[in-house]
Protein chains: 2
Amino acid sequence: MTTTSAIKVMTVDDHPLVRVGIATVVNQQPDMKIVAEAESGPRALELYRQHQPDVVLMDLRLRGDSGARITSALCAEFSGAHVLVISNYDGDEDIHQALAAGALGYLFKSVVEDELVDAIREINAGRRYLPKGVADRLHESESGARLTRREDEILDLLGKGLRNRELGQVLGVTEDTVKTHLKSLFRKLQVSDRAEAVREAMRRGFIHSE
Amino acid sequence: MTTTSAIKVMTVDDHPLVRVGIATVVNQQPDMKIVAEAESGPRALELYRQHQPDVVLMDLRLRGDSGARITSALCAEFSGAHVLVISNYDGDEDIHQALAAGALGYLFKSVVEDELVDAIREINAGRRYLPKGVADRLHESESGARLTRREDEILDLLGKGLRNRELGQVLGVTEDTVKTHLKSLFRKLQVSDRAEAVREAMRRGFIHSE
DNA sequence: CCACAACTCACCCGTTCGGGGGATGGACTT
DNA sequence: AAGTCCATCCCCCGAACGGGTGAGTTGTGG
């Protein structure tokens, strides 16, 4: 048996234990093999150049960095990169960002081993792979609530306890303008006040606490 | 070589990949061995009775259940249980709850393999194991901000966008009483409004979005 | 070129908040 | 019995909030 057809897989995750878990599962498959493990964004780029893996398993949230950004960089440099994002979180925004960045698939870390290797094979073949239900939600979020740049900025600052006036000062606009943005923000998130907006934004992945 | 002295380890985690990672690392050690893997709280109890492991590696946040609760239940039934909590999150409250529930140690999932096995040996010996810096923070949080039952309940509801009056109705008290609790809540969390309180509460692990 | 979305600002208005004070009763400690 | 903590309630008041409506300016894209 030759190994020439084995799918070369690279993991990008800052959790050693998760990397070990993935590596163990992948290496148990006869048709795939871990060729590199990156624990950070820059390292991912470096190792990709070095090993030219067929599939990249990308964690979405790494210490400081964002898996979406890394995916963008990767796809910019290597247009043929096949990225499968694996994340703990099912915030709509995370998923959206990942796919927008060029990822071919999305998986939750709660996946069982079989799903993982199935997904890897699909991604390797250049096909998309999304958990059931996720595709539907994407359409919703695309048609429904996509925030503008301003609304995003305001959302970030909302959780910091800034008052409307302070928000205006930070952004360099009037308090009235801030209120206008807040109104459309509340409408889009379907909430009625800032506290609820903060929680909802976290749930959807617009902002993070850590 | 006999295996009679091998440390029997059980994992409790709802992420198969993490279980595999931990199992791989542990089983590579000559002096320890995975004897059971639980993916839920009830299953953890069941498997503990069956295998009587020396050390339990407990994830703090499982689907629906809480690692702290499981730890409590475990320690209640088996006073000699040696639990090592492994969590993604470094919210003070999570750590506090885990230790209060009877856990001997706390680790972040970002640990490298060596730290994990070191910790397992310490816990097996009945000693505590805490990452550097965590012990300090525990003292802070004990002296500083510990919330009362009412404040906790209110915090939970704050993120749902309830107004003070509605909070009162839900809790069966006056709006004025709610405001009193909110004042002391803001003081303890060192915030100035509900939106900031929600984010801070999430950061510290008092409430969760998922 | 025109439509459309985003961003900007303004005004009004009723409601809610946040922060300050003080007070009572129960429970638990010392 | 005194002290402390918690929960409950009350009052006051200025500031902040949310919601509604209208309207001007960009810039992008059909």
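No hydrogens, no waters, no symmetry mates; every other heavy atom, side chains included, goes into these values. These numbers were taken from a predicted model, which means no experiment stands behind them. Each chain gets a letter, A, B and so on, in the order its sequence line appears, and its residues count up from 1.
Other residues, nucleotides and ligands contribute only 12 or fewer heavy atoms inside 6.0 Å of the CD atom of B:Q190. Residue B:R49 qualifies as enclosed at atom CZ: its count of foreign heavy atoms under 6.0 Å is above 12.
The CZ atom of A:R187 sits 11 Å away from the P atom of D:dT21 (whole-angstrom rounding). Rounded to whole Å, the distance from CG on A:D176 to P on D:dA16 is 13 Å. Rounded to whole angstrom, the span from the CZ atom of A:R149 across to the C1' atom of C:dA5 amounts to 12 Å. In this structure, B:L185 places its CG atom 13 Å from P of D:dC6, rounding to the nearest Å. Nucleotide C:dC7 holds its C1' atom 11 Å from the CD atom of A:E153, rounded to whole Å. Rounded to a whole Å, the CD atom of B:Q169 is 17 Å from the C1' atom of D:dT8.
In terms of heavy-atom proximity, A:L147 sits nearest to A:K188 at CD2-CD, 3.7 Å. Nearest heavy-atom pair across B:A197 and B:L155 is O-CD1, 4.3 Å.
Here B:T177 lies in heavy-atom contact (under 4.0 Å) with a base.
Atom CZ of A:R43 sits about 14.5 Å away from atom CG of A:D65, to the nearest 0.5 Å.
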| remark: The contact string for nucleotides 14-30 of chain C, one letter per nucleotide 5' to 3', using protein heavy atoms under 4.0 Å with B, S and - for base, sugar-phosphate only and none, comes out as --SSBBBB---------
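Between D:dT8 and B:R150, a contact under 4.0 Å exists linking OP1 or OP2 to a side-chain N or O.
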